[in-house]
Amino acid sequence: MTLSQERLAHLLAQPFRYYDSVDSTNDIAQNWLREGAAPFSVVLADEQRKGRGRKGRYWYTPPGVALAVSVILKPTPQQASKISMLGALAVAELCDHAGIAGVGIKWPNDVQIHGKKVSGVLPEAVWLEGDLLGVVLGMGVNIRVQFAPEIAPIATNIEDEVAHRVDRAALIMYLLGRVTHWMAQDSDALFAAWRARLNTIGQHVQVDGIVGQAVDVELGGALLIKTDDGSMKRVLAGDLSLIPPQAEDE
Ligand code: BTN
């Protein structure tokens, strides 16, 4: 079934704005938040022309083949750093719900299926004169995207994994339900569930020039890396890559 204003109006309980095509759902949601949107209001689009990824990268959302969802949340400033974990966890649970095995989270918030990226999460805080107005939780999920040849080996789609057609509106409903669920839980429970799904702990990794073994994560989400010279480094954010065993031997 296609996404449409009518179908979403039938399914969603919270305020929402739906667009056939938009630059970025996160931009629309940020503006809506500044205008006073209620918590859990959501912006959805069938296509993004300028979808935003982490570190200013482009996020590919062609028409009809993905989920582009931005939820407006109003966490306390203390909870705000947990929104990234919450987004990744909600998407991972969506994949479980779709019947997919081998779902994990690559630190900090990439959802992977057997090591291939199916989703990206982009939380963006909105401040007004030093006060936190809220956080826009942007989630992109690949459903049936045709990837460029250089991306195909490292990316996947929900439909590639389940081998049948899925209903994007039903997936959106489930995803929003998990976001609402985790917003109501305490931070320790959220952290424990996110940590349990990380596929990064124990791996030999590289994050922004730091190389070593990922040994654990802290409550705030920082990754602890034991470098090859034995020192411990704490990384708050960054792009992580795994170092395959054969590269370690060279
Ligand atoms: C990443 O780089 O992994 C994060 C990608 C986040 C993409 C989502 S799609 C919905 C929302 N709108 C955007 O422009 N970006 C996020």
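Numbering of ligands and ligand atoms starts at 1, following listing order.
Between the side chain of Lys117 and the backbone N or O of Asp110, no donor-acceptor pair lies under 3.5 Å. With hydrogens and angles ignored, the 3.5 Å screen pairs no side-chain donor or acceptor of Asn26 with any backbone N or O of Glu124. Under a 3.5 Å cut-off, the side chain of Thr200 and the backbone N or O of Trp107 do form a donor-acceptor pair. Not a single donor-acceptor pair under 3.5 Å links the side chain of Ser70 to the backbone N or O of Leu137. Between the side chain of Trp59 and the backbone N or O of Met139 there is no donor-acceptor pair closer than 3.5 Å. Side chain of Arg17 to backbone of Ser41: no donor-acceptor contact under 3.5 angstrom is found. The closest donor-acceptor contact from the side chain of Asp46 to the backbone of Gly64 lies under 3.5 Å.
Applying the 4.0 Å criterion to heavy atoms of Gly53 picks out, from ligand 1, the atoms 1 (C), 2 (O), 4 (C), 5 (C). Counting atoms of ligand 1 from 1 in the listed order, those under 4.0 Å from a heavy atom of Gly51 are 14 (O). Proximity to Asp110 (heavy-atom distance under 4.0 Å) selects the following atoms of ligand 1: 3 (O). For ligand 1 and Leu122, the ligand atoms under 4.0 Å from any heavy atom of the residue are 6 (C). Against a heavy-atom cut-off of under 4.0 Å, Met139 is close to the following atoms of ligand 1: 8 (C), 9 (S), 10 (C). Taking every non-hydrogen atom of Val121 and a distance limit under 4.0 Å, the qualifying atoms of ligand 1 come out as 4 (C).
In this model, a donor atom of one side chain and an acceptor atom of the other lie less than 3.5 Å apart for Thr25 and Gln48.
The shortest separation from a heavy atom of Lys55 to ligand 1 is not under 4.0 Å, leaving the residue out of contact. Distances shorter than 4.0 angstrom occur between a heavy atom of Val69 and an atom of ligand 1. Not a single heavy atom of Arg57 sits closer than 4.0 Å to an atom of ligand 1.
Scanning all protein heavy atoms for the shortest distance to atom 9 (S) of ligand 1 gives Gln48 NE2, 3.3 Å. Closest protein heavy atom to atom 1 (C) of ligand 1: Arg54 N, 3.5 Å. Of all protein heavy atoms, the one lying nearest to atom 8 (C) of ligand 1 is Gly140 N, 3.6 Å. Atom 3 (O) of ligand 1 has Lys117 NZ, 2.7 Å as its closest protein atom, hydrogens excluded (heavy atom only). When hydrogens are left out, the protein atom nearest atom 10 (C) of ligand 1 is Thr25 OG1, 3.3 Å; that is the closest non-hydrogen contact.
Residue Arg52 has at least one N or O atom closer than 3.5 Å to an N or O atom of ligand 1. Between Thr61 and ligand 1, a contact under 3.5 Å exists for no N or O pair. For a threshold of 3.5 Å applied to N or O pairs, the pair formed by Ser119 and ligand 1 contains no separation below that value.
Within a 6.0 Å radius of CD in Glu35, more than 12 heavy atoms belonging to other residues, nucleotides or ligands are found.
The pair Asp23-Arg52 fails the salt-bridge criterion, with no side-chain N (NZ, NE, NH1 or NH2) lying under 4.0 Å from an Asp/Glu carboxylate O. A salt bridge links Arg197 with Asp96: the distance from a Lys NZ or Arg NE/NH1/NH2 to an Asp or Glu carboxylate oxygen falls below 4.0 Å.
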